[in-house]
2 protein chains.
Amino acid sequence: MNGIHNPAALPSPPDCTTFTEALEQVFAFAVTVEHYMQAGIAARGLTRARATVIWQLHRHGPTTQQQLARAIGVTARNVTALVDGLQDSGFVRREPHPSDRRAFLVHLTDTGRQVTKQLAADYEAGSQDLFSDIPVEQMGPFLSTMQTLTARLATATGPQTQS
Amino acid sequence: MNGIHNPAALPSPPDCTTFTEALEQVFAFAVTVEHYMQAGIAARGLTRARATVIWQLHRHGPTTQQQLARAIGVTARNVTALVDGLQDSGFVRREPHPSDRRAFLVHLTDTGRQVTKQLAADYEAGSQDLFSDIPVEQMGPFLSTMQTLTARLATATGPQTQS
DNA sequence: TATTGTTATACTCTATAACTATA
DNA sequence: TATAGTTATAGAGTATAACAATA
């Protein structure tokens, strides 16, 4: 088993009234979503940190390790380790930077690209199962509120590294 | 810095239409919420895993390590380590089980109880800031939809350990 | 024989600090 | 002098497996 973050270990959702109860429900939701993300990632032979790297490469193309570190929000040292791991698994390769001989460009391999596509397909299928029978009149306001809360929480937590 | 789980490293939220985009927004929300949880926990000198242990003890009272392991969803070996850490920090203590000489009961110390209360107070204050100016007509449906999604995701991910 | 908790070992993710090669 | 990436070291969380003491 991987991950202590057990929704059942969080307060259970009564018939919500107070702000605190609402926040507890939000926490339980977040933990459950994380489990879901994690399960998909693990099913494709990735860890969360490595999946973040691969996803970043998928979105932005070949990237130096420094750029990866800044985008992902970890130290350069950790990027070395993550790229090492992904290289051993055959998902990425380092190539010399064309103009800066100190740096590498990290590329997705064909295998890496495949895994990215599979993950995306997994989640697309999952999103169908999740949302397809929820009425649009319900989804719109839900997503809108969620975005508001996302923005507020991000502000409250403090600025995150930008991609 | 602690945590690669950077919302900015996830796809940005356009004006939602597709299910996939909705799921991406849900992911971004979950990651942001996790950051928020984590920040509060770290501010009180705890890690996430240890906070889960403390919260469990707070809710259910003195507990054997086996019970903790099952409730939290980690192996007994890890509970040993977590309780060791919490004991070193003075948040919990082991006491002999009254009727089973193999087992310990893990208790919150006064310090542990204090930290639990502080965390709860932190999040209660946070929930005010988050929700207080969101109209009830909006909150009700939001929480309701969120609960539906939580249940579905939990089912899709597979059963979790029960507390 | 089964359960509780431990020691032993290993892997991943995280961090700082010091170092090399290059800019 | 500053930057890109590495090695060195350390701590936390996770896992399996083997073992002691007790049920």
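Here is the naming used below: chain letters follow the sequence lines, and residue numbers restart at 1 for every chain. Hydrogens, waters and symmetry mates play no part in the numbers below; they use all other heavy atoms, side chains included.
- A close approach under 4.0 Å does not occur between any side-chain nitrogen or oxygen of A/Thr64 and OP1 or OP2 of D/dA4.
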Just by protein heavy atoms under 4.0 Å, how would nucleotides 18-23 of chain D read 5' to 3' in B, S and -? ---BBS
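- One can place CG of A/Asn78 at 14 Å from C1' of D/dT7, the figure rounded to the nearest angstrom.
- Residue A/Asp84 contributes atom CG, which lies 13 Å from atom P of D/dA8 at whole-angstrom precision.
- Remark: the A/Arg77 side chain and the D/dT7 base include a donor-acceptor N/O pair separated by less than 3.5 Å.
- Test A/Asp110, A/Thr116, A/Thr109 against A/Arg113 for side chain to side chain donor-acceptor pair (under 3.5 Å) and you get one pass: A/Asp110.
- In this structure, of C/dG5, C/dT14, C/dT16, it is C/dT14 that holds the atom nearest to the side chain of A/Ala49.
- B/Gln65 is listed as a side-chain neighbour of B/Val83, based on a closest heavy-atom distance under 4.5 Å.
- The separation between A/Arg48 atom CZ and D/dG13 atom C1' is 15 Å, rounded to whole Å.
- Checking D/dT6, C/dG5, C/dT12 against the side-chain heavy atoms of B/Ala103 singles out C/dG5 as nearest.
- Atom CD of A/Gln66 and atom P of D/dA2 are 15 Å apart (whole Å).
- Salt bridge annotation for A/Asp84-A/Arg94: present, with a cationic side-chain nitrogen under 4.0 angstrom from a carboxylate oxygen.
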Which donor-acceptor pairs under 3.5 Å do the side chains of residues 137-145 of chain B make with protein atoms, sequence neighbours left out?
from     : atom 1 : to       : atom 2 : distance (Å)
B/Gln138 : NE2    : A/Thr145 : OG1    : 2.9
B/Thr145 : OG1    : A/Gln138 : NE2    : 2.9
B/Thr145 : OG1    : B/Pro141 : O      : 3.0

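- Summarising the geometry, the separation between CG on B/Leu105 and P on C/dT4 is reported as 12 Å, rounded to the nearest angstrom.
- Dashed line: the shortest gap from a side-chain N or O of B/Gln65 to OP1 or OP2 of C/dT3 is not under 4.0 Å.
- The side chain of A/Val74 approaches C/dT14 more closely than any other nucleotide in the set C/dT12, D/dA12, C/dT14.
- Judged by distance alone, the side chain of A/Gln67 and the main-chain N or O of A/Thr64 form a donor-acceptor pair under 3.5 Å.
- For A/Leu86 and C/dT12, the CG to P distance is 11 Å, given to the nearest whole Å.
- Taking atom CG on B/Asp88 and atom C1' on D/dG13, their separation rounds to 16 Å, with Å as the unit.
- Here B/Arg152 pairs with A/Asp133 in a salt bridge; the nearest charged N to carboxylate O distance falls below 4.0 Å.
- Phosphate contact (OP1/OP2 of D/dT6, side-chain N/O of A/Thr80, threshold under 4.0 Å): present.
- The only option from A/Leu82, A/Leu57, A/Thr63 that meets the side-chain contact (heavy atoms from CB on, under 4.5 Å) definition with A/Val106 turns out to be A/Leu57.
- With rounding to whole Å, A/Arg50 atom CZ is found 13 Å from C/dT14 atom C1'.
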